[in-house]
Amino acid sequence: MSIYNNILVVLDPSVETQKALNRAIELVRLQGGKLTAFLAVYDFSYEMTTMLSGDERETMRQAVIKDRELWAGKYMIAPHNIGIDIEIKVVWHNRPFEAIVLAVLEDNYDLVIKGTHDHDVLKSMIFTPTDWHILRKCPCPVLMVKDNEWRQGGNIIAAVNAGSEKEHHLSLNQRVISRALQMATLLQAETHLVNAYPGTPINIAIEIPEFNIQEYNSTMKHHHLDAVAALAKQFDIDAKHWHVSEGIPEDVLPKLAKKLNATMMIIGTIGRTGLSAAIIGNTAEHVIDRLDCDVLAVKPANFVCPLHKD
């Protein structure tokens, strides 16, 4: 069963172990598909050679690209001795995330696989890491790889927002569960639905003495339980695999993933950019750094990449 036919894996020259490449090879062995190893290179010194003509600078850039292609093939691909064809694609670009997204738009990749790096929380508020840019702007699903191993017979988590009636959330729930079931079949794993719901707003409880906290919590919990049950029924997921917990997703999802010893979590991301991303944030981004399993992030069906050119 081939879920992803055209896969782009991002190489990381700064580390010795290419966990994204290892995962991509494992996926291709499990389900087939075409695999391209991708690397963006850039050296500002080549752009500063003003004494050279444009053609000469282009020749220098192409020489660097060719050198990196040979290096990637010899030191990253060849050691695996994997017996499958891997295309190597090296591009000259000073913004790796943009190079990756443009490659997806140009060559219609249906999955990007990339290793994760730990993000400093304070710096992340000022400088958006490459991973976050990719999550926000990449039109195809993105698999962010941690250091864990895929286990046959493990658990796959579908993180849903079942209580919302917004169209983009409804669409994402369907896509998240579908992807989770596909991966569960591939890995002979179990699919679990996980849904977080908010607790009582403290300011309301304080400002309105007659506000019934217990009744509010009970109503909210049952609303989400009913919504999860309806989703699970659509996909024939057993009730013992539903998990509805009070709290914010950033707290609930990592706890459940650890409890279930999850192999992978499938999560939807709206792809907020600009001011809304800075103020509201993106749930997927805050969850990823706190998980010890791989994360597959998917977009709504009608998502439009901000780098797309008509």
Side-chain angles (χ1 to χ4, degrees), residues 135-136 141-142 154-185 189-205 208 211-272 276-277 280-288 290-291 293-303:
L135 285 171
R136 293 175 184 178
V142 179
N155 292 314
I156 305 290
I157 292 177
V160 297
N161 186 357
S164 174
E165 296 181 357
K166 294 182 179 179
E167 183 59 36
H168 58 265
H169 284 143
L170 295 175
S171 168
L172 271 177
N173 288 337
Q174 299 288 322
R175 293 168 72 83
V176 163
I177 297 173
S178 295
R179 299 284 181 174
L181 290 170
Q182 289 173 336
M183 292 305 300
T185 299
E190 299 285 349
T191 302
H192 293 255
L193 297 187
V194 177
N195 181 91
Y197 66 91
T200 305
I202 300 300
N203 60 321
I204 294 179
I208 307 177
F211 183 79
N212 190 320
I213 297 176
Q214 288 74 23
E215 182 179 346
Y216 175 88
N217 283 340
S218 178
T219 300
M220 182 64 71
K221 180 178 180 179
H222 283 90
H223 169 68
H224 283 263
L225 279 171
D226 291 343
V228 168
L231 268 176
K233 185 177 181 180
Q234 291 180 41
F235 293 92
D236 196 27
I237 297 175
D238 194 277
K240 65 182 180 181
H241 290 161
W242 310 346
H243 308 271
V244 179
S245 300
E246 179 181 341
I248 59 175
E250 294 90 324
D251 291 334
V252 170
L253 296 178
K255 288 179 182 177
L256 261 297
K258 185 174 182 180
K259 180 180 177 180
L260 295 170
N261 193 21
T263 297
M264 182 186 301
M265 179 176 290
I266 321 297
I267 191 168
T269 175
I270 305 301
R272 292 190 180 96
S276 64
I280 302 173
N282 290 280
T283 299
E285 297 168 1
H286 301 297
V287 170
I288 285 173
R290 300 178 62 181
L291 290 170
C293 63
D294 289 0
V295 179
L296 179 63
V298 301
K299 295 289 196 311
N302 60 350
F303 175 77

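Numbering of residues begins at 1 and proceeds along the displayed sequence.
- Taking all atoms of both residues into account, the shortest heavy-atom contact from E250 to V287 is CA-CG2, 4.0 Å.
- F303 CZ to T269 OG1: the interatomic distance, rounded to the nearest 0.5 Å, is 8.0 Å.
- At a threshold of 4.5 Å between non-hydrogen side-chain atoms, the residues L193 and I177 count as touching.
- Within the structure, the salt bridge (charged side-chain N to carboxylate O under 4.0 Å, His left out) test picks out no pair touching residues 252-266 (sequence neighbours left out).
- A257 and C293 get closest at one heavy-atom pair: CB-SG, 4.4 Å.
- Scored by the side chain to side chain donor-acceptor pair (under 3.5 Å) test, R179 finds Y4 as partners (sequence neighbours excluded).
- In terms of heavy atoms, F235 sits closest to L181 at CD2-CD1, 3.6 Å.
- Residues satisfying the salt bridge (charged side-chain N to carboxylate O under 4.0 Å, His left out) criterion with D226, sequence neighbours excluded, are absent altogether.
- By the 4.5 Å heavy-atom criterion applied to side chains, S171 and N302 are not counted as neighbours.
- No more than 12 heavy atoms of other residues, nucleotides or ligands shown are found within 6.0 angstrom of NE2 on H222.
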- Query: Would L256 and H192 count as a side chain to side chain contact (heavy atoms under 4.5 Å, CB included) if you check the C-alpha gap in whole Å, the side-chain angles of each, and the deciding distance to 0.1 Å?
  - Reply: CA-CA 10 Å; L256 261 297; H192 293 255; over 6 Å; no
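- Put simply, the side chain of K221 never gets that close to the backbone of V244: no donor and acceptor are under 3.5 Å apart.
- Checked by atom type and distance alone, the side chain of N173 pairs as donor or acceptor with a backbone atom of H169 at under 3.5 Å.
- A search for side-chain contact (heavy atoms from CB on, under 4.5 Å) contacts involving I156 returns A180, A184, L187, A189, T263, M264, I266, not counting sequence neighbours.
- In this structure, the side chain to side chain donor-acceptor pair (under 3.5 Å) partners of N195, at least two apart in sequence or on a different chain, are H224.
- Using a 4.5 Å heavy-atom threshold, the side chains of V194 and M265 count as separate.
- The minimum heavy-atom distance linking H241 with H243 is given by the pair O-CD2, 3.6 Å.
- Residues passing the side chain to side chain donor-acceptor pair (under 3.5 Å) test with Q174, sequence neighbours excluded: Q234.
- Across G163 and A227, no two heavy atoms sit closer than the pair N-CB, 4.3 Å.
- In this structure, E246 CD and Y197 OH are separated by 4.5 Å, a value rounded to the nearest 0.5 Å.
- When all heavy atoms of V176 and I267 are compared, the pair lying nearest together is CG2-C, 3.9 Å.
- The number of heavy atoms from other shown groups lying within 6.0 Å of CG (D238) is above 12.
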